[in-house]
Engineer: 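Supplied in structure tokens, the structure appears directly below.
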Amino acid sequence: MVVTGGSYDVDVTLEAPNKEIIYRQVKSQFDSHTFVAPMSGEYAACFSNEFSTFSHKLVYMDFQVGDEAPLPGIGEHATVMTQMETSAEAIHKSLTTVADFQTQHKLREAQGRKRAEDLNERVFWWSLMETIAILTVGIGQTS
């Protein structure tokens with residue numbers, strides 16, 4: 001996901017350990033890709049901003065590998081789960097959802113902060129130009 005910069009788009013390539021391209025997307029702002037790794041080794045996620053060299057971009061990437069392991073002790077016996085085990089599993093799922101929401105809110109906050117910083121910079125330069133213009137006109141009027 002492109003958080004800030006330019007037209008909010010980058011090129012993405014995912015390579016297998018044998019340098020085979022598993023996934024490629026051009027000029028994408030947000031995307032999701034699911035695959036089963038055909039081999040073990042180091043996979044490479046490459047982001048490119050070649051088409052927009054003058055605008056810097058901030059990119060967020062999240063890897064989720066496989067299903068999460070169950071909580072220790074849950075499901076290790078043949079009987080039905082106790083109420084405590086059921087509650088612990090429900091709380092665990094809820095906390096995972098909360099963590100996902102926190103990540104989403106952090107990204108939105110980063111976008112808003114970047115926009116505010118850009119606006120602040122524009123206001124600063126505009127104010128500086130106005131101050132110089134007023135001083136120039138004032139000096140010109142008194143001379």
Side-chain angles (χ1 to χ4, degrees), residues 1-76 80-143:
M1 169 184 227
V2 179
V3 179
T4 62
S7 298
Y8 297 98
D9 54 355
V10 292
D11 296 341
V12 180
T13 305
L14 184 62
E15 291 182 3
N18 63 355
K19 302 297 182 200
E20 176 187 344
I21 303 278
I22 296 173
Y23 177 74
R24 174 176 279 145
Q25 184 69 26
V26 178
K27 292 188 177 183
S28 175
Q29 176 188 4
F30 177 81
D31 200 9
S32 177
H33 179 67
T34 304
F35 74 99
V36 176
M39 64 187 80
S40 62
E42 292 185 17
Y43 287 78
C46 305
F47 297 93
S48 172
N49 192 28
E50 287 180 6
F51 56 86
S52 179
T53 56
F54 293 111
S55 63
H56 299 285
K57 297 180 180 172
L58 177 63
V59 177
Y60 173 78
M61 176 182 64
D62 185 23
F63 278 116
Q64 295 179 351
V65 181
D67 291 329
E68 192 170 320
L71 293 173
I74 293 181
E76 293 178 358
V80 177
M81 288 196 302
T82 65
Q83 186 174 3
M84 175 89 80
E85 291 172 333
T86 304
S87 295
E89 187 173 27
I91 290 170
H92 182 70
K93 286 180 183 178
S94 296
L95 288 175
T96 303
T97 303
V98 167
D100 290 341
F101 280 129
Q102 285 179 331
T103 300
Q104 181 183 4
H105 287 290
K106 277 193 256 181
L107 294 174
R108 293 179 86 190
E109 185 270 333
Q111 284 178 327
R113 183 178 15 147
K114 178 64 174 155
R115 286 188 186 128
E117 288 172 357
D118 289 345
L119 181 61
N120 186 35
E121 185 178 350
R122 287 180 183 178
V123 168
F124 169 77
W125 288 111
W126 182 256
S127 299
L128 185 65
M129 298 283 278
E130 282 185 338
T131 303
I132 291 171
I134 289 170
L135 290 174
T136 304
V137 169
I139 292 171
Q141 292 288 326
T142 57
S143 300

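What you see is a predicted model; the values in this text were computed from it and never measured.
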Engineer: Roughly how far, to the nearest 0.5 Å, is the CD atom of Gln25 from the CZ atom of Phe47?
Structural biologist: 11.5 Å
Engineer: According to side chain to side chain donor-acceptor pair (under 3.5 Å), who are the partners of Asp118, at least two apart in sequence or on a separate chain?
Structural biologist: Lys114
Engineer: Would you say that more than 12 heavy atoms from the other residues, nucleotides or ligands in this model lie under 6.0 Å from the CE of Met129, or not?
Structural biologist: no
Engineer: Quick one: pull up CZ in Arg108 and OG1 in Thr103 and give me the separation to the nearest 0.5 Å.
Structural biologist: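 Between Arg108 CZ and Thr103 OG1, I get 13.5 Å after rounding to 0.5 Å.
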Engineer: Of all residues at least two apart in sequence or in a different chain, which pass the side chain to side chain donor-acceptor pair (under 3.5 Å) check with Arg24?
Structural biologist: none
Engineer: Nearest 0.5 Å please: distance from the CD1 atom of Ile91 over to the OG1 atom of Thr86.
Structural biologist: 11.0 Å
Engineer: Can you name the nearest heavy-atom pair linking Ala16 to Ile22, along with the distance?
Structural biologist: CB-CD1, 3.6 Å
Engineer: Using the side-chain hydrogen bond (donor to acceptor under 3.5 Å, both in side chains) rule, collect all pairs that involve residues 119-128, keeping only residues at least two apart or in two chains.
Structural biologist: Trp126-Glu130
Engineer: Mind listing the closest non-hydrogen atom pair of Ser40 and Pro17 along with its distance?
Structural biologist: O-CG, 3.8 Å
Engineer: What distance separates Gln102 CD from Lys106 NZ, expressed to the nearest 0.5 Å?
Structural biologist: 6.5 Å
